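Each remark here refers to the structure printed beneath this line.
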Amino acid sequence: MPYNFADIEKKWQGRWSDSHCFESHTDPSKEKFFCLEMFPYPSGALHMGHIRNYSIGDVLARFLRKKGKNVLYTIGFDSFGMPAENAAIKFKTKPHDWTLSNIAYMTEQLKRMGYSYDWHREAITCLPEYYRWNQWIFLQMYKKGIVYQKEAPVNWCESCGTVLANEQVENGVCWRCHNAVTKKNLKQWFIKITDYAQELLDDIEKDLQGWPNRVRIMQTNWIGRSEGARLSFKIPDLNYELEAFTTRFDTIYGVTFIALAPEHELVKKMLEAMTPDEAEKLKAFVKKVTSQSSIERSDAKADKLGFETPFYGINPVNGKRVPIWIANYILSDYGTGAIMGVPAHDTRDFDFCRKYNIPVIPVINPVDGTQLDGAAMTEAFTEDGIACNSGEFNGLKTSEAIKKMIDWGEAQGICKREVNFKLRDWLISRQRYWGTPIPFVYCEKCGVVPVPEEDLPVRLPEDVEVKEVGHSPLLDLPEFLNTTCPHCGGPARREADTMDTFFCSSWYFDRYCSPGDEKAPFEKSDVDYWMPVDQYIGGIEHACLHLIYARFFAKFLTDIGLTEYREPFTRLLTQGMVIKDGAKMSKSLGNTVDPTEIVKKYGADTVRLFILFAAPPNNDLEWSDRNVEGAHRFLNRVWRYVEENCASLKQYGAKIISMDEIKAPALRDFKRKIHSTIENVTHDIYDEKQFNTAIARLMELTNAVYSLNDTSAEAWELKREAVETLLNCLSPFCPHITEELWEMLGHEKMLCLEPWPVADKNSLTQDSVTIVGQINGKVRGKFERPAGMSREDLQKSILSDPYMVEKIAGKEILKVIAVPDKLVNIVVKG
RNA sequence: GCGGGGGUGGCGGAAUGGUAGACGCGCCAGACUUAGGAUCUGGUGUCAAAAGCGUGGGGGUUCAAAUCCCCCCCUCCGCACCA
């Protein structure tokens, strides 16, 4: 009977589903394991990246169930978002219908892969059962004062027709469509994620040891903490105190100018105080700079542009007058939007001053004793050194100077210690239709009023026509827009913006714990039991997006008493990309491989095996049709062996023969192979998450089974043990074929319910070992010796071996190093 | 520029400081076959070679280095005027 994967896979998927064997329940008497994968966006069909992600997760889930853990493993769909609107326009359908039909198709695909999801926990974010709790959580945030509206220059993507959060702008372009992002002044909803900046930072070190270092560093940089001081410069002509932030208060004596961002509020006051002629020039400058795209403005290599104003500020430490400039390289939304310019010790300020002939005054000399000359310097000196030209602080080392000068400044009332973060508040509103409606109304009398919790959900109308990108159909729906004020009962208008979809994905794992809860987003007892996630698996691209937002949510939900955990994901695995012909598989490059086609041709087990064997999870994985065939060939080999030897194998296996009973060396080796395989595979799967080597070990065991030609009863007993071990250990990777063969061997209980095998220590002991004989560190011979020989005996034995005696004849032995059970190295001269 | 990974056969990749190249792909030879792009057996770093040489390059530590230290090169990724 050939290996008929199509029928076999269908059969077992049916059995698993009918028996509900993958459903899990909250049970504090059992040890839990929450295995989570980043849920997909229902774009239409699964791609190989999904298959890779979920195959990794399924191996872990199936493995841990066998290890006796109560495993929560399920999936959902992150189903709000732009593509549904675009598709609606293109295919003249409705986002709701398009999305749900995609979900249906992708669900089918997932089931075909044999993933052991608990489908009764599934969460679909675009359904009101789910998004009403987005609205509810948003209202809790509002109550706690961390939701606010603000008019501010925000990131605007013209092609998506909406604003974007800071995290969603990559190198000045939109993360989704890669078009240039501009700034626009709009009143928008924000969440004060910055309140949590310090905790988000601290907990990276404290609680995220199970995360890849790379992601921890990326988040650390994104949060971007810097310590320094805030100080102010009096501007007599404008009767204004200009505040600036600096991390280098020790360079305060080196200030030769002040620079403002063109958006700074002081610019307005300046314009009023300037002559009309000068004001026109300044206006033109500001216009020029602010009309630059984000890409141009944030390019560090681009030319620095400045405009010298007729105003000056007073350096608080020495009373010196310094000119005030407006410059394009000053960011309006970091610090105070103004800087103290110290060209001698800051690269950017240096470039600026050389261009505009502003004096350079060094206030730190290198430790080697060189005296810097401001006029002659060719680049800024940014290293630590010794303070000079700094009055009473001369001679201090930089680290000391920073501390002492700020101490002094604080005592004098000149400055105040301050910590700044790069992290910005999370801009949550989107000018889109297909998202969670923001639960607020605008009342002429009462202003901005939250929708009362009992009125949730604010339902998103589903029967709409999306006509053009950038225009939400909600704006044309009076029945949605027109409402009454919950406060005064008067006429009011609904907020037509929807939430960033990252809001949905910040807590879906909590929902998995309490599926279908109608009274709350989740039951505390469920979440207390299941959370935090023990293993999260997904792409690196979310390092500073989803993974920061979800961490923030965890902290907020705990602060309002809904949960007990402060970090949602204990361990994180970021799988590499699936590559073909040297590039990431993508529709636009036309180098995709459709999982459905491959599953049809080879079966789900083969696809899973290939994708897990071809590379370790963290590496990128090059698709190879040949290697898919290789994986298929291996499964055929396993199938053929069990099928052809089924009768003999079934005849035996009544008892497991212990190592002590086995005499023949070949059989002892075979027994050892079985148990070392168990030990290594267990370690590779759980400790290393190194599935490629785990599979390699199973291939070795298969090879060993094939090569054992002994047909004694004893040998058959052992072969039975080997085959059953092989099937059990292979089953998390290739669950269908292994169930089928397991059944063929006469088992009635499903293999997925069978406990994971345990390596027998006694079967692992070596009878003899290969000792490497080295001369001067070079391998010269190999010798079989009994295991466990003492250092002395081993040394004697190898030194007296005729082969080695001959090799070292006539040479003077200087030293001998013997490592028990490993090697003997003879150091000789001559 | 700053930060973080990587660099091992023809390829994907293995190697607690201790036999470099497990396992697989590919390739070569043979067997079985009407046939093989099925299957099985053997071989496969380099070199004519038992020797020698081999883990990006150069130094070093060590009895012993892919692995530890220093310098350099290449490559991928992230951040990028954050004061």
Side-chain angles (χ1 to χ4, degrees), chain A residues 2 170-172 212-222 224-226 228 244-249 251 259 261 297-304 327-331 333-342 345-349 351-352 382 420-424 540-541 543-544 576-577 579 609-610 613-616 618-631 633-634 636-637 640 680 684 690 692-703 706-707 770-782 814-819 821-828:
Chain A
E170 302 171 341
N171 288 323
N213 204 31
R214 181 153 76 119
V215 179
R216 303 188 328 149
I217 289 167
M218 282 164 79
Q219 289 210 357
T220 303
N221 293 341
W222 186 259
R225 183 183 198 273
S226 46
F245 172 74
T246 178
T247 55
R248 297 298 304 272
F249 191 74
T251 62
R297 248 191 104 176
S298 63
D299 183 3
K301 278 164 235 133
D303 232 11
K304 294 194 173 24
N328 67 340
Y329 73 100
I330 310 304
L331 303 171
D333 56 354
Y334 183 77
T336 64
I339 59 132
M340 59 179 223
V342 186
H345 306 292
D346 181 285
T347 349
R348 299 150 301 176
D349 295 347
D351 293 346
F352 189 72
T382 55
N420 261 302
F421 294 93
K422 285 195 216 176
L423 185 74
R424 302 298 145 77
I540 185 82
E541 66 273 16
C544 293
M577 292 185 298
I579 301 279
L609 186 70
F610 160 74
F613 180 60
N618 295 305
N619 288 24
D620 285 347
L621 180 153
E622 172 80 30
W623 182 266
S624 155
D625 291 328
R626 290 230 193 244
N627 287 342
V628 175
E629 282 175 35
R633 197 174 310 153
F634 168 69
N636 260 310
R637 243 164 93 75
R640 219 177 318 118
N680 291 328
D684 286 349
Q690 183 97 307
N692 55 331
T693 51
I695 293 166
R697 315 256 190 217
L698 294 173
M699 288 173 168
E700 283 182 61
L701 182 59
T702 308
N703 293 343
Y706 264 100
S707 351
T770 305
I771 301 296
V772 173
Q774 296 184 328
I775 295 173
N776 290 342
K778 294 216 161 85
V779 181
R780 282 296 176 271
K782 292 174 189 179
L814 299 176
K815 194 176 180 182
V816 181
I817 292 101
V819 181
D821 291 346
K822 279 241 168 78
L823 59 82
V824 173
N825 186 13
I826 307 164
V827 186
V828 299

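Every chain is numbered from 1 and lettered A, B, ... according to where its sequence line falls, protein lines coming before strand lines. None of the values given here were measured: they were computed from a predicted structure.
A pairwise comparison of heavy atoms in A:V816 and A:V824 identifies CG1-CG1, 3.8 Å as the closest pair. Shown here for A:A543 and A:M218, the closest heavy-atom pair between the two residues is CB-CE, 3.5 Å. Of all heavy-atom pairs spanning A:M340 and A:A244, the tightest one is N-CB, 4.1 Å. Taking all atoms of both residues into account, the shortest heavy-atom contact from A:F245 to A:G335 is CB-CA, 4.3 Å.
Rounded to a whole Å, the CG atom of A:D625 is 20 Å from the P atom of B:G24. If you measure from atom OH of A:Y706 to atom C1' of B:U41, you get 14 Å, rounded to the nearest angstrom. Atom CD1 in A:I339 sits roughly 6 Å away from atom C1' in B:A83 (whole-Å rounding). Here B:G3 presents its P atom at 20 Å from CZ of A:R225, a figure rounded to the nearest Å. One interatomic measurement links the two molecules: CD of A:E170 to P of B:C79, which rounds to 6 Å at whole-angstrom precision. One interatomic measurement links the two molecules: CZ of A:F352 to C1' of B:C81, which rounds to 12 Å at whole-angstrom precision. Per the geometry, CD1 belonging to A:I540 stands 9 Å off P belonging to B:G78, to the nearest Å. A:R214 has its CZ atom 13 Å from the P atom of B:G4, to the nearest Å.
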> For nucleotides 26-31 of chain B, read 5' to 3', which letter fits each nucleotide if B means a protein heavy atom sits under 4.0 Å from the base, S means only the sugar-phosphate is that close, and - means neither?
Replying inline: S-----

> Which parts of nucleotides 6-15 of chain B does protein reach within less than 4.0 Å, heavy atoms only, written one letter per nucleotide 5' to 3' as B for base, S for sugar-phosphate only and - for none?
Replying inline: ------BSSS

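With sequence neighbours left out, the side chain to side chain contact (heavy atoms under 4.5 Å, CB included) criterion links A:R633 to A:E629. For A:D333, the salt bridge (charged side-chain N to carboxylate O under 4.0 Å, His left out) criterion is met by A:R424, not counting sequence neighbours. Evaluation of the side chain to side chain contact (heavy atoms under 4.5 Å, CB included) rule for A:L823 yields A:V772, A:Q774, A:V819, A:N825 as partners, not counting sequence neighbours. Annotation: side chain to side chain contact (heavy atoms under 4.5 Å, CB included) contacts of A:A614 (sequence neighbours excluded): A:F610, A:L621. Remark: A:A259 engages A:F257, A:A327, A:I330, A:I339 in a side chain to side chain contact (heavy atoms under 4.5 Å, CB included) (not counting sequence neighbours). Take A:W222 and apply the ring pair (Phe, Tyr, Trp, His ring centres under 6.0 Å) test, not counting sequence neighbours, and it matches no residue. Annotation: salt bridge (charged side-chain N to carboxylate O under 4.0 Å, His left out) contacts of A:D620 (sequence neighbours excluded): none.
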Between the protein and nucleotides 59-63 of chain B, which nitrogen or oxygen pairs are less than 3.5 angstrom apart?
unit_1	atom_1	unit_2	atom_2	d
B:C63	OP1	A:K815	NZ	3.3
B:C63	O2'	A:N825	ND2	3.1
B:C63	O2	A:N825	ND2	2.7

Give me the distances for all protein-to-nucleotides 49-56 of chain B N/O pairs that come in under 3.5 Å?
unit_1	atom_1	unit_2	atom_2	d
B:G52	OP1	A:R780	NH2	2.9

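Going from the P atom of B:G54 to that of B:A65 covers 11 Å, rounded to whole Å. For B:G21 and B:A15, the C1' atoms lie 8 Å apart once the distance is rounded to whole Å. Between the C1' atoms of B:G10 and B:A35, the separation comes to 30 Å (whole Å). Of the P atoms belonging to B:G45 and B:C23, the separation is 13 Å, rounded to the nearest Å. Rounded to whole Å, the separation between the C1' atoms of B:C81 and B:C2 comes to 13 Å. Taking atom P in both B:A38 and B:C25, one finds a spacing of 11 Å when rounded to whole Å. Atom P of B:A22 sits at a distance of 16 Å from the matching atom of B:U8, rounded to the whole Å. Atom name P, nucleotides B:G30 and B:G24: the rounded distance is 23 Å, in whole Å.
Remark: A:K304 is positioned above the aromatic ring of A:Y329, its terminal NZ or CZ atom under 6.0 angstrom from the ring centre and at most 45 degrees off the axis.
The side chain of A:W222 sits closest to B:C79 out of B:C79, B:U19, B:C81. Counting only heavy atoms from C-beta on, A:A696 has its side chain closest to B:C23 among B:C23, B:U16, B:C81. The nucleotide whose nearest atom lies closest to any side-chain atom of A:R640 is, among B:C40, B:C23, B:G4, B:C40.
The shortest distance between the side-chain N/O atoms of A:N703 and the OP1/OP2 oxygens of B:G24 is below 4.0 Å.
A distance-only check finds a donor-acceptor pair linking the side chain of A:D349 to the backbone of A:V342 [under 3.5 Å].
With a 4.5 Å cut-off on side-chain heavy atoms, A:K422 and A:N221 do not count as touching.
Base contact: A:L331 has a heavy atom under 4.0 Å from a base atom. When heavy atoms are screened at a 4.0 angstrom cut-off, A:R424 is found touching base atoms of the nucleic acid. Contacts of A:T347 with the nucleic acid, taken as non-hydrogen atoms under 4.0 Å apart, are absent. Residue contacts for A:G630: at a heavy-atom cut-off of 4.0 Å it reaches the sugar-phosphate backbone alone, with no base atom in range.
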> Based on Watson-Crick and G-U pairs with both distances under 3.5 Å, what dot-bracket line describes RNA chain B 5' to 3', crossing pairs as [ ] and inter-strand pairs as |?
Replying inline: (((((((..(((.....[....)))((((((.......))))))((.....))..(((((..]....))))))))))))....

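Classification of B:G58 as anti follows from a glycosidic angle more than 90° from 0.
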